[in-house]
Amino acid sequence: MLMRVAAGALAGTLAVGLAGPAIAKGKPDDKGPKAKVKGTTSLMFTKSVKNKLAKDGIKVDAVAPGKKVNKVKFVFTASQTRPQYIDHTGGLAFTRADASLTATDFVFDLAAQNVDLTVPGVGVVDDVFVLGKLKINKKTVTAKLKVAPGKAVLLNDTLKTSLFTDGMFVAKSSTKF
């Protein structure tokens, strides 16, 4: 559950994504797919982030239909049905004894190179992460997720931590179609 004060801050400003086999029905494209493209996205936290989460007592779980592969890797269903966007189902739940954050339905905007997410009870939060080193190939989209400018304070306040910094490299993502 999100704390009411943090939820209000998130609502005013705060919105993530995630490698397994997939069957392509089209080609990913930052201008739009030729057909509906379905696949999977894997998200793998960096070793540093994994260690900091553990040190702060923050546990991360997948929100169905997302799946937790291990302590740092999560897999989500991905689809590209609109130009320049990759939509994901499921999400991540960050919990600790006195705080939590659930983030679902990640949307990768390939043109703007950012990630929006949905916080239940709050709504869509824009531009929480930046898609760094974005690469769009014939059947793969890869990127490094970094905390977007101005979003670290919101993440930190919500989870009662000082873990996040603006521009921090949090995870690698790989979407396969």
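Proximity of a side-chain donor or acceptor of Asn156 to a complementary backbone N or O of Phe164 within less than 3.5 Å is detected. Asn114 places no side-chain N or O within donor-acceptor distance of the main-chain N or O of Phe129, the cut-off being under 3.5 Å. The backbone N or O of Val107 lies less than 3.5 Å from no partner atom in the side chain of Asp116, so there is not a single donor-acceptor pair.
In this structure, CE in Met44 is found 11.0 Å from OG in Ser173, a value given to the nearest 0.5 Å. A distance of 9.0 Å separates CG in Leu131 from CD1 in Ile136, rounded to the nearest 0.5 Å. Taking OG1 of Thr165 as the start and NZ of Lys146 as the end, the distance is 11.0 Å to the nearest 0.5 Å. Expressed to the nearest 0.5 Å, how far CE of Met168 lies from OG1 of Thr46 amounts to 6.0 Å. Distance check: Lys172 NZ to Lys144 NZ gives 7.5 Å after rounding to the nearest 0.5 Å.
Side-chain contact between Phe76 and Thr40: absent, with no pair of heavy atoms (C-beta onward) separated by less than 4.5 Å. The side-chain heavy atoms of Leu43 and Leu92, taken from C-beta on, include a pair separated by under 4.5 Å.
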**Request:** Check step by step if salt bridge (charged side-chain N to carboxylate O under 4.0 Å, His left out) holds for Asp87 and Arg82.
**Result:** CA-CA 9 Å; Asp87 298 306; Arg82 307 174 289 159; 2.8 Å; yes

**Request:** Just do the side chain to side chain contact (heavy atoms under 4.5 Å, CB included) check on Thr140 and Phe177 with the steps written out, would you?
**Result:** CA-CA 6 Å; Thr140 308; Phe177 294 102; over 6 Å; no

**Request:** Report the C-alpha separation of Ser48 and Phe169 in whole Å, then their side-chain angles, then the decisive distance to 0.1 Å, and conclude whether the side chain to side chain contact (heavy atoms under 4.5 Å, CB included) test is met.
**Result:** CA-CA 9 Å; Ser48 172; Phe169 173 30; over 6 Å; no

**Request:** Kindly indicate, with the supporting measurements, whether the criterion side chain to side chain contact (heavy atoms under 4.5 Å, CB included) is fulfilled by His88 and Thr175.
**Result:** CA-CA 10 Å; His88 300 87; Thr175 304; 4.3 Å; yes

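Sequence neighbours left out, the pairs with a member in residues 37-62 that pass ring-ring contact (aromatic ring centres under 6.0 Å, His included) are Phe45-Phe74.
Contact record, Leu110 with Gln80: CD1-NE2, 4.2 Å, taken as the closest heavy-atom pair. The minimum heavy-atom distance between Ala152 and Val147, with the atom names listed, is N-CG1, 3.6 Å. The nearest pair of heavy atoms linking Ala78 to Ile86 is CB-CG2, 3.9 Å. Scanning both residues, Ser100 and Thr95, for their nearest heavy atoms gives CB-CG2, 3.9 Å. The minimum heavy-atom distance between Thr142 and Ser174, with the atom names listed, is CG2-OG, 3.9 Å. Counting all heavy atoms, side chain and backbone alike, Ala143 lies closest to Leu134 at CB-CD1, 4.0 Å.
Neither Val115 nor Val130 shares a network with the other; the hydrophobic side chains, linked directly or stepwise wherever heavy atoms of I, L, V, M, F, W or Y lie under 4.5 Å apart, form separate groups for each.
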Return a table of donor-acceptor pairs under 3.5 angstrom between the side chains of residues 49-72 and protein atoms on other chains or two or more places apart.
unit_1	atom_1	unit_2	atom_2	d
Asn51	ND2	Lys47	O	3.4
Asp56	OD2	Thr161	OG1	2.2
Lys68	NZ	Val60	O	2.7
Asn70	OD1	Val72	N	2.9
Asn70	OD1	Lys73	N	2.9

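The ring-ring contact (aromatic ring centres under 6.0 Å, His included) search around Phe94 returns none, not counting sequence neighbours.
At a cut-off of 3.5 Å, with distance as the only test, a side-chain donor of Gln84 or Asp109 sits close to an acceptor on the other residue.
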